[in-house]
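Scroll down for the structure; my scribbles are underneath it.
Residue numbers start from 1 in every chain, and the chains themselves are labelled A, B, ... in the order their sequence lines are given, proteins ahead of strands.
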Amino acid sequence: MKFGILINEGPFTHQAADTAYQFAKAAVAAGHEIFRVFFYHDGVNVASDLAVPPQDDRNVTDNWVKLAEANNIDMVVCIAAAQRRGLLDANEAQRQGKRADNIAPVFRISGLGQLVEAGIECDRLVTFGD
Amino acid sequence: MKFGILINEGPFTHQAADTAYQFAKAAVAAGHEIFRVFFYHDGVNVASDLAVPPQDDRNVTDNWVKLAEANNIDMVVCIAAAQRRGLLDANEAQRQGKRADNIAPVFRISGLGQLVEAGIECDRLVTFGD
Amino acid sequence: MAMLHTVNKSPFERVSLDSCISMAKKGSSVLLIEDGVYGALKGTKVADKVSKAMDGITFYVLGPDLAARGMTEERIISGIKVVDYAGFVDLTTKHENFQAWL
Amino acid sequence: MAMLHTVNKSPFERVSLDSCISMAKKGSSVLLIEDGVYGALKGTKVADKVSKAMDGITFYVLGPDLAARGMTEERIISGIKVVDYAGFVDLTTKHENFQAWL
Amino acid sequence: MAEPWEEENEGKVKKFMFINRKAPYGTIYALESLEVVLITAAFDQDVSLVFTDDGVFQIKKGQTTAGIGMKNFSPTYRALEGYDIEKLYVDKESLDARGLTAEDLIVDVEVMSRAQLADLMNEQDVVMSF
Amino acid sequence: MAEPWEEENEGKVKKFMFINRKAPYGTIYALESLEVVLITAAFDQDVSLVFTDDGVFQIKKGQTTAGIGMKNFSPTYRALEGYDIEKLYVDKESLDARGLTAEDLIVDVEVMSRAQLADLMNEQDVVMSF
């Protein structure tokens, strides 16, 4: 089956990104396809590659990066939500005249249309949030 | 009177940082002293200088930066909460081997002791959160 | 010693207002802010609870938050006082300690 | 058409479980995850409500979230099925649509 | 307009329902949900909106946000018709509990019982709730 | 130890109360609150902890977090005594509503009525609740 996953909360503060990760891992293990993971609201914060979590805790972003790379998952960060919250890729940083960017390479920034498309193309869209 | 302010949520997602700002502005206008604003939990995200909010909306970080500069307010971001969430100043970025930093200059990164100190030194510690 | 409590969550959605009321002593004050202002409306299913609590606790509501949510003063339970941000600051100075029911 | 609902909030703190139950049709399923797993406990003040809803709705609870919160299966209302993440995935495939009561 | 996505997904029309359960301004969910609704309509999908629980407050008349320094986004609900979004349903039980009537609302809606809303929800392909 | 803050604040001892009202793991508040508690004790302040509402779940015995991939921080509550934090109060009403008794808890606590807790709260200089 083809899944879309929507993540609405940032790492650590809420369990949403962790539960979604465990769900995605189990879906892949069961032979399902993850068509796309869409990061919305504070979920865009998962894409930051500047986080340094305590050594004895999980690294939410790294977990996602590894799962996405191993399974070629399309990881999309909502541009409007990301701009509000200070998440930028190199292109965006340049376009906005900002001095730095902070999105890990596996994530790509795009519009909400990507979420709607996931809703259209997937058999199920599963939401994780607060 | 001497106030300490604790902000526990990030910009836009929750109203906390907005209400705290209006409170601080009113307190200053009434002649009170803001001894320190402490940013904890997702509140650390207020310190990001990479945000680009929509033109027709307020800029939460800019509001705080201007108020702090005009009134010489001590703005402290919790280091542990910031590391988890990918908020770093230049020193931290270098120390952690990260390629960028994203904290606006008026904020300084420090430990939770600064919050406790605010509790000890201030007449009132006022909390805004989710 | 009179304490100031703030509640910023809707009483239709969460238990914060209940918990606040049950632990606020007589003589203390409760200020409703942000989504907590809905607790000040009359004719709702929580209005009776608030009215009862007003026997002993003084209730305030933040005007700018009410206005943002399209609520005018005539919809507010009689006896609840509307304050602005300056009034919020005053309340914190006039009470001896503070607790936010997040 | 059978729908899968998830509830991730504590029923002692928020109204999500109530809203979910009141809008879940007979034949649908509710999966309790994250802080929502507390709704599966027996002997609580919400247990009766859940038991009653089980006449028509099938309830599941996410085992890893239960264990994290120190709850063993013998504390769960009889008839609520414990699933792991693979079971969560299965449930989404076996129901025709999905709603998360955030 | 011949946007690329319209070519790709041509002919695929799914039933999208958006369930609005949160009050405006205290958190951003109402605003960011509205953005998804507009994009979904731009993809020519079958869109319906439900306002239940505190979501009914989103469409309360007379919102005046100058005092809190935030943008009043409630006029956008009135613009939905222009995007051919005409299926707006409100939960009667939620209105009653909050002392509201259809007169208090900024847009024309159909007031329904929870049983009726449950029937509608069950017919959807994609249900989103923020 | 002669840390700088100890010099500065010497002699100032305030009554700090931490009110824990949220369940663990679903959100980070319980964990990050505990960090503030430990630092406050390190500043030799008079610390008390109240567990009420879903906060009573923070000290439930037998937490096993391997399955959710998160760190089990509940052993820290047992370490509080080592930091001279011995005033732990639990709300009886909250325990009862959740089908819990003092036997279920990982630490020794004093079970109190809400009226008793209200009295204690009123005596504090600083009250924090996350």
Side-chain angles (χ1 to χ4, degrees), chain C residues 1-39 45-46 48-50 52-60 62 65 88-102, chain F residues 12-24 26-34 36-37 40 45-58 89-98 110-130:
Chain C
M1 179 152 156
M3 189 158 177
L4 176 66
H5 303 261
T6 56
V7 173
N8 73 335
K9 288 292 168 291
S10 162
F12 306 108
E13 162 70 15
R14 302 214 206 177
V15 297
S16 336
L17 181 61
D18 286 335
S19 297
C20 171
I21 288 174
S22 72
M23 291 202 210
K25 287 177 72 75
K26 281 202 181 234
S28 60
S29 302
V30 174
L31 170 62
L32 303 171
I33 67 169
E34 299 177 352
D35 290 347
V37 300
Y38 295 121
K45 74 167 177 182
V46 304
D48 271 0
K49 193 159 49 186
V50 174
K52 241 177 249 168
M54 288 170 67
D55 174 27
I57 301 169
T58 310
F59 277 76
Y60 299 86
L62 198 55
D65 276 323
F88 183 175
V89 172
D90 275 352
L91 284 174
T92 58
T93 63
K94 283 171 185 151
H95 291 76
E96 285 162 89
N97 54 9
F98 178 92
Q99 149 71 348
W101 291 86
L102 303 181
Chain F
K12 276 206 200 177
V13 176
K14 281 194 173 181
K15 292 177 132 186
F16 280 75
M17 175 175 277
F18 296 89
I19 304 187
N20 297 288
R21 296 183 52 243
K22 293 181 182 164
T27 54
I28 203 173
Y29 303 104
L31 166 61
E32 289 191 333
S33 168
L34 200 47
V36 183
V37 168
T40 308
Q45 301 298 300
D46 178 348
V47 174
S48 41
L49 270 70
V50 171
F51 297 89
T52 181
D53 289 337
D54 280 349
V56 301
F57 287 131
Q58 294 178 14
Y89 309 108
V90 172
D91 170 28
K92 182 170 190 311
E93 190 180 309
S94 297
L95 283 181
D96 291 349
R98 288 158 185 77
E110 199 168 336
V111 178
M112 283 192 170
S113 71
R114 293 206 160 187
Q116 289 174 299
L117 292 171
D119 284 340
L120 275 178
M121 196 187 311
N122 249 47
E123 295 165 6
Q124 305 298 317
D125 297 308
V126 181
V127 184
M128 284 195 236
S129 173
F130 297 100

Could you tell me the separation between the [atom1] atom of [X] and the [atom2] atom of [Y], rounded to the nearest 0.5 Å?
X: C:M23; Y: F:D91; atom1: CE; atom2: CG; value: 4.5 Å
X: C:K26; Y: F:N122; atom1: NZ; atom2: CG; value: 14.0 Å
X: F:D53; Y: C:S22; atom1: CG; atom2: OG; value: 7.5 Å

Heavy-atom neighbours of C:K25 NZ exceed 12 at 6.0 Å: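 Above 12, so yes.
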
Nearest non-hydrogen partners of C:L102 and F:S129, listed with the distance: CD1-O, 3.3 Å

Nearest non-hydrogen partners of C:S19 and F:R21, listed with the distance: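 Heavy-atom minimum between the residues: OG-NH2, 3.8 Å.
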
Proximity breakdown for F:S94 and chain C, heavy-atom pairs closer than 4.5 Å: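 Interface part for F:S94: neither.
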
Which atoms of F:D119 approach chain C - backbone, side chain, both or neither, heavy atom under 4.5 Å: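 Both the backbone and the side chain of F:D119 come within 4.5 Å of chain C.
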
Proximity breakdown for C:H5 and chain F, heavy-atom pairs closer than 4.5 Å: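 Side chain only.
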
Pair F:V127-C:M3, side-chain contact (heavy atoms from CB on, under 4.5 Å): steps then yes or no: CA-CA 10 Å; F:V127 184; C:M3 189 158 177; 3.7 Å; yes

C:N97 vs F:M121 side-chain heavy atoms within contact, under 4.5 Å: no

Counterpart residues, salt bridge (Lys or Arg N to Asp or Glu O under 4.0 Å), relative to F:E32 (two or more places apart): B:R84, B:R85

